[in-house]
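The analysis underlying the following values was restricted to heavy atoms, covering all of them including side chains, and did not include hydrogens, waters or symmetry mates. Just so it is clear, the structure is predicted and the values come from calculations on it, not from any experiment.
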Amino acid sequence: MLNYKLDTTNELLTSRIGLITLAHAIQVLDLSKTIDQHFPASGSNCALKASTFINTLVLSQHEGGECLNDTVHIAKDKALRLVTNQKAPTPQTIGTWLRRLGKDNQGVKALQKANKTLLKATLNNCKNITLDIDASEVIANKVDTQWTYKGNKDYMSMVGHIAQTGQIVATDFKAGNVSPNTDNLGFIKICQDALPKGINIKKT
């Protein structure tokens with residue numbers, strides 16, 4: 001029989017060690033600075049920056065979060081927050097921030113600018129990309145959702161990916177009852193405009 005003794009410890013532990021890599025990538029790409037440059041300021045010196053909200057959502061989604069309430073996992077993980085130096089707003093605060101950005105599509109416009117900057121930094125000297133477009137079903141319990149061909153009440157968005165890297169170029173948010181392939185040419189043009197200058201769509 002093996003005799004051993006377990007010691008207690010006050011050290012912080014986390015089961016989300018995989019998110020450290022993502023947090024490191026955010027730091028290396030200086031993504032927080034890019035986000036704060038393009039998103040509208042809150043108007044208060046005490047308010048959280050846009051990057052705090054987006055970084056929290058990014059970490060939560062990579063953990064498998066499906067709704068705003070799932071961001072509490074990030075907030076409660078003191079070890080993760082210590083290593084990533086990441087603040088975590090409450091789900092209610094995030095929801096209020098998202099609704100404010102929904103006015104006049106402020107958030108979408110800012111996200112497009114930030115994403116273009118990110119694509120420029122990560123695609124390096126790439127001149128041509130292959131565009132992969134596909135519909136992505138977003139099931140939501142909203143009053144204005146419509147029935148889709150899959151038999152769900154939701155939204156059906158088009159998403160444009162770079163085939164070589166998997167990066168998202170642009171999205172087109174559509175109601176569930178709108179056919180995903182409606183105006184594909186128009187969406188391809190949106191994707192081309194979303195690419196950094198000098199990078200073109202070689203084929204789709």
Quiz item: Where do Gln167 and Leu123 come nearest, in terms of heavy atoms and distance?
Solution: OE1-CD2, 3.5 Å

Quiz item: How about Pro89 and Thr71: do any of their side-chain heavy atoms sit closer than 4.5 Å?
Solution: no

Quiz prompt | ring pair (Phe, Tyr, Trp, His ring centres under 6.0 Å) involving Phe187 - partner list, sequence neighbours excluded | solution = none

Exercise. Would you give the length of the straight line joining atom OG1 of Thr56 to atom CD of Gln61, rounded to the nearest 0.5 angstrom?
Key: 11.0 Å

Practice problem: Output the distance between atom NZ (Lys113) and atom CD1 (Ile35), rounded to the nearest 0.5 Å. | Solution: 14.5 Å

Quiz prompt | Modelled atom types, side-chain donor and acceptor of Thr90 and Thr93, under 3.5 Å | solution = yes

Exercise. Apply salt bridge (Lys or Arg N to Asp or Glu O under 4.0 Å) to Arg81 and list each qualifying residue two or more places apart in sequence or on a separate chain.
Key: none

Quiz item: Can Asn200 and Leu195 be said to form a side-chain contact (heavy atoms from CB on, under 4.5 Å), step by step?
Solution: CA-CA 7 Å; Asn200 299 297; Leu195 286 169; over 6 Å; no

Quiz item: Can you find a pair of side-chain heavy atoms, one from Val169 and one from Ile162, that are under 4.5 Å apart?
Solution: yes

Quiz item: Does one hydrophobic cluster hold both Val159 and Val108, with members joined at side-chain heavy-atom distances below 4.5 Å?
Solution: no

Exercise. Grab the two heavy atoms, one from Gly160 and one from Ile133, that are nearest each other, plus how far apart they are.
Key: CA-CG2, 4.1 Å

Quiz item: Is there a side-chain contact (heavy atoms from CB on, under 4.5 Å) between Ile74 and Leu19 once you walk through the steps?
Solution: CA-CA 10 Å; Ile74 306 300; Leu19 294 181; 4.0 Å; yes

Quiz item: Among all residues two or more places apart in sequence or in another chain, which pass the side-chain contact (heavy atoms from CB on, under 4.5 Å) test with Lys109?
Solution: Asn105

Quiz item: Is it true that Leu48 and Phe39 fall in one hydrophobic cluster, defined by side-chain heavy atoms closer than 4.5 Å?
Solution: yes

Exercise. Examine distances only and state if a side-chain atom of Asp36 and a backbone atom of Ser51 form a donor-acceptor pair shorter than 3.5 Å.
Key: yes

Quiz prompt | Thr122 side chain reached by Thr165 side chain, heavy atoms, under 4.5 Å | solution = no

Quiz item: Does a side-chain heavy-atom distance below 4.5 Å link Met158 with Thr171?
Solution: no

Quiz item: Has the side chain of Gln112 got a donor or acceptor atom that lies under 3.5 Å from a matching backbone atom of Ala170?
Solution: no

Practice problem: Check the pair Ile129, Lys202 against side-chain contact (heavy atoms from CB on, under 4.5 Å), reporting the backbone distance first and the verdict last. | Solution: CA-CA 6 Å; Ile129 61 99; Lys202 186 175 181 180; over 6 Å; no

Quiz item: Listed by chain and number, what are the salt bridge (Lys or Arg N to Asp or Glu O under 4.0 Å) partners of Asp172, not counting sequence neighbours?
Solution: none

Quiz item: Distance from Thr96 atom OG1 to Ile94 atom CD1, nearest 0.5 Å?
Solution: 10.0 Å

Quiz item: So how far is it from Ile168 CD1 to Cys191 SG, rounded to the nearest 0.5 Å?
Solution: 10.5 Å

Quiz prompt | Phe173 to Ser157 - nearest heavy-atom pair and separation | solution = CD1-OG, 2.9 Å

Practice problem: Would you indicate whether the side-chain heavy atoms of Asp70 and Cys67 approach each other to under 4.5 Å? | Solution: yes

Practice problem: Sequence neighbours left out, what passes side-chain hydrogen bond (donor to acceptor under 3.5 Å, both in side chains) with Thr52? Give chain and number order. | Solution: none

Exercise. Quick one: pull up OG in Ser32 and NZ in Lys49 and give me the separation to the nearest 0.5 Å.
Key: 8.5 Å

Quiz item: Heavy-atom distance under 4.5 Å between the side chains of Lys197 and Lys120, does that happen here?
Solution: no

Quiz item: With His161, which residues qualify under side-chain hydrogen bond (donor to acceptor under 3.5 Å, both in side chains), at least two apart?
Solution: none

Self-check item: Asp154 side chain to Thr145 side chain, donor-acceptor N/O pair below 3.5 angstrom
Solution: no

Quiz prompt | Leu82 side, atom CG; Asp77 side, atom CG - distance, nearest 0.5 Å | solution = 10.0 Å

Quiz item: Considering only heavy atoms from C-beta outward, does the side chain of Leu80 approach that of Ile17 to under 4.5 Å?
Solution: no

Self-check item: Joint cluster assignment, Ile26 & Leu111, ILVMFWY side-chain distance < 4.5 Å
Solution: yes

Quiz item: Just wondering, do Leu68 and Leu98 contact through their side chains at under 4.5 Å, heavy atoms?
Solution: yes

Quiz item: Under 3.5 Å, is there a donor-acceptor pair between the side chain of Lys116 and the main chain of Asp193?
Solution: yes

Practice problem: Give a yes-or-no answer on whether the side chains of Thr117 and His38 include a donor-acceptor pair shorter than 3.5 Å. | Solution: yes

Quiz prompt | Ring geometry between Trp97 and Phe53 (parallel below 30°, tilted from 30 to 60°, perpendicular above 60°) | solution = parallel

Exercise. Evaluate side-chain contact (heavy atoms from CB on, under 4.5 Å) for Met156 paired with Val178, printing each intermediate quantity in order.
Key: CA-CA 7 Å; Met156 189 66 74; Val178 177; over 6 Å; no

Self-check item: Over all atoms of both residues, closest heavy-atom pair of Thr34 and Ala114
Solution: CG2-O, 3.9 Å

Practice problem: Indicate, with yes or no, if Leu118 and Leu59 share a hydrophobic cluster defined by side-chain heavy-atom contacts under 4.5 Å among Ile, Leu, Val, Met, Phe, Trp and Tyr. | Solution: yes

Quiz item: If you look at every heavy atom in Lys174 and Thr182, which pair is closest and at what distance?
Solution: NZ-O, 3.0 Å

Quiz item: Is there a path of hydrophobic side-chain contacts, each under 4.5 Å between heavy atoms of I, L, V, M, F, W or Y residues, that connects Ile201 with Leu119?
Solution: yes

Quiz prompt | Sidechain-backbone polar pair: His62 side chain, Val58 backbone, donor-acceptor under 3.5 Å | solution = yes

